[in-house]
Number of protein chains: 2
Amino acid sequence: MKLQQLRYFYEIAKQGLNVSLAAEKLHTSQPGISKQIQLLEEELGVDILVRHGKRVTGITEPGQTILLIAERMLHDMENLKRVGADFVNETVGSLSIATTHTQARYALPSVIKTFSERYPGVQLRLHQGNPTQIVEMVLSGEADIAIATEAIALCDELVMLPCHQWNRCVITQPGHPLLSERTLTLERIAEYPIITYDFAYSGRSLLNKAFTEHNLSPNVVLTAIDADVIKTYVELGLGIGIMASQAFDPKRDRNLRAIDAGHLFEPSTTKIGIHRGTYLRGYTYAFIEMFAPHLDRNTIEKAMNA
Amino acid sequence: MKLQQLRYFYEIAKQGLNVSLAAEKLHTSQPGISKQIQLLEEELGVDILVRHGKRVTGITEPGQTILLIAERMLHDMENLKRVGADFVNETVGSLSIATTHTQARYALPSVIKTFSERYPGVQLRLHQGNPTQIVEMVLSGEADIAIATEAIALCDELVMLPCHQWNRCVITQPGHPLLSERTLTLERIAEYPIITYDFAYSGRSLLNKAFTEHNLSPNVVLTAIDADVIKTYVELGLGIGIMASQAFDPKRDRNLRAIDAGHLFEPSTTKIGIHRGTYLRGYTYAFIEMFAPHLDRNTIEKAMNA
DNA sequence: CGTAGTTACGGAGATCGTAAACATC
DNA sequence: GATGTTTACGATCTCCGTAACTACG
């Protein structure tokens, strides 16, 4: 049995059972792959691909099980390489972070600045996406860690570590009637057109929940993927914005005013997600600890093995 | 990276860092192994073995981590082969059970009879040992499942599934004074010389506990590894025996009498132990279910993934 | 000087790519 | 006939075993 064979099988499965496509991705010839798959089938004594004549149409039942184990082995092979790289030079490598716009734009900059000064040899990569995409990226190994809020699907493969709590604020144009309210209420907010996050994002569901619990149906005139877009349209006078407090910067956002809305909505929790069973490089632990000081190496390792 | 290289490294570690010995065990040449280890070190970019001149004296720090991952990969490779074998013919294969004498002699016979009638193609193997050895056998892959009582060391690698509860009885020669007692007490038992299980076995510690809680120091004149030995010496009049109730068979043991002692000692629990992450063949689930009907395939799989 | 590990080298065997045949749509 | 898979075959490379060499006790 060869690791190469498992890699071939894995790639075929990943490419929707198209052997030629898999060959292309792996920069090798298509017949070579076919051959190795046959050898693997022969060695294990079972067919792993369902063939109709000369067309691959499915994965057999044993193939499903084999695929799961093969994936784990390939993952472990990656881990081995990382261990090597880590001990060669603790401070050289790359770190891929899958995250949402809000984190990338408001929460991460200071951490990334500190980190890249401390580890100048580490190539940082930010991948943006919605929570579903972020999870995908971590599970496929494309990204090392995920940073996002709530909506990250629960899954055994993924270890979630709570980092920060945050809440929302309402932003308006200067001179808006809401600014002179003594205490902000959901009822008053619901009177105005609202601009907020897109549904898949950043605890948008918590926002809806707060309104429905008060039997209010807010008039959401625009949803956006990020806070910058929200601010832009509030400036244009399309409505009031509801977004993460941390995304409002009084210095930069001189044309806007913010009102804290922490008492109106449940707080959201920003979390870090890691693919269970992945070997993390030393600086990855350092990065996480910079972002959330309570998550030291020991705590993280314990959570990953739990 | 080749699985072969990992296997070589694993075997070197297992053979106490003796490369020649590892070569012998693997039926290959010693230089071949040296070479492959060097290639592995080169590929990973770190030394994994500590060499003093031309002598291997230790495993480097990264080597330790690499070894752990390599072990898991090799284990997965075994799993793959099992998956294959399982689907080729669900009813042909082998099943190794590591267990204690008491289980092998009194609890298992009926199960094994039923099982071997149902799966005539499965080669059954019973490995006897004390609880420590049993655990070793399962962890090393020498045995597929362990069946024993209590003393099995708790370890993350091992999934323990409770099967049966059982208790003890006192056995004596016919006409013994204890037989005419209305209710058996620890105090009366302690008046006689006692023959019971060896310390490492079958919940012997529970027995000690019961006596010390009553401030009694029983006079244990002989300890044995199995119930048959205990019975033999009770017949000879060396003392009274304390052993598992299930090990007394009125038909067979006509020269002895048993008195239930369930009220004097905490019950012990017989458990099945499985190496977490091992792929179990279909008939293994069947065997376990025959032994403990409440442990169906679903329940077992859930416990293994927990 | 015996034991244990590395280097050197040659042969067997495997892997991979090209070319061609073949099956489905 | 287009797309995609398997078979055939030859060049290359890898792996393994023997033999010689080297270091340590």
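Letters A, B, ... mirror the listed sequences (proteins, then strands); counts begin at 1. What you see below is based on every heavy atom in this structure, not just the backbone, and it leaves out hydrogens, waters and symmetry mates.
Across C/dT15, D/dA23, D/dC16, the shortest atom-to-atom separation from the side chain of A/Q36 is found for C/dT15. If you check D/dT7, D/dA19, D/dG4 against the side chain of B/P31, the one that comes closest is D/dA19. Residue B/S29 has its side chain nearest to D/dG17 when only C/dA21, D/dG17, C/dG17 are considered. For B/V19, counting side-chain heavy atoms from C-beta on, the closest listed nucleotide (C/dA21, C/dG5, C/dA19) is C/dG5. Side-chain proximity of B/S20 to the nucleotides C/dG5, D/dT5, C/dT15 is greatest for C/dG5. Across C/dT6, D/dT6, C/dG5, the shortest atom-to-atom separation from the side chain of B/S34 is found for C/dT6. Side-chain atoms of A/Y8 lie closest to C/dC16 of the nucleotides C/dA21, C/dT6, C/dC16. With C/dT7, D/dC16, D/dG4 as the candidates, the nucleotide lying closest to the side chain of B/Q4 is D/dC16. Taking only side-chain atoms of A/K54, from C-beta outward, the nucleotide of D/dC16, C/dC22, C/dG17 with the closest atom is C/dC22.
A straight line from CD of B/Q30 to P of D/dG17 spans 12 Å, rounded to a whole angstrom.
When the side-chain nitrogen and oxygen atoms of B/K2 are compared with OP1 and OP2 of D/dC15, one or more of them lie within a distance under 4.0 Å. OP1 or OP2 of D/dT6 sits under 4.0 Å from a side-chain N or O of A/R51.
A side chain to side chain contact (heavy atoms under 4.5 Å, CB included) with A/Y283 is found for exactly one of A/V92, A/L95, A/T91, namely A/L95.
Nucleic acid contact class of A/G32 (heavy atoms, under 4.0 Å, all strands): none. Here B/Q38 lies in heavy-atom contact (under 4.0 Å) with sugar-phosphate atoms only.
Judged by distance alone, with hydrogens and angles left aside, the side-chain atoms of B/D296 form a donor-acceptor pair with the main-chain N or O of B/T299 at under 3.5 Å. At distances below 3.5 Å, not a single donor-acceptor pair connects side-chain atoms of A/E11 with backbone N or O atoms of A/A22. Of the possible donor and acceptor atoms, none in the side chain of B/D144 sits under 3.5 Å from a partner among the backbone N and O of B/L280.
Of the two residues near DNA chain C, A/Q5 and B/N18, the one whose nearest nucleotide lies more 5' is B/N18.
You'll find a donor-acceptor pair under 3.5 Å spanning the side chain of A/R55 and the base of D/dT3, going by distance alone.
Within 6.0 Å of CD in B/E42 there are 12 or fewer heavy atoms belonging to other residues, nucleotides or ligands.
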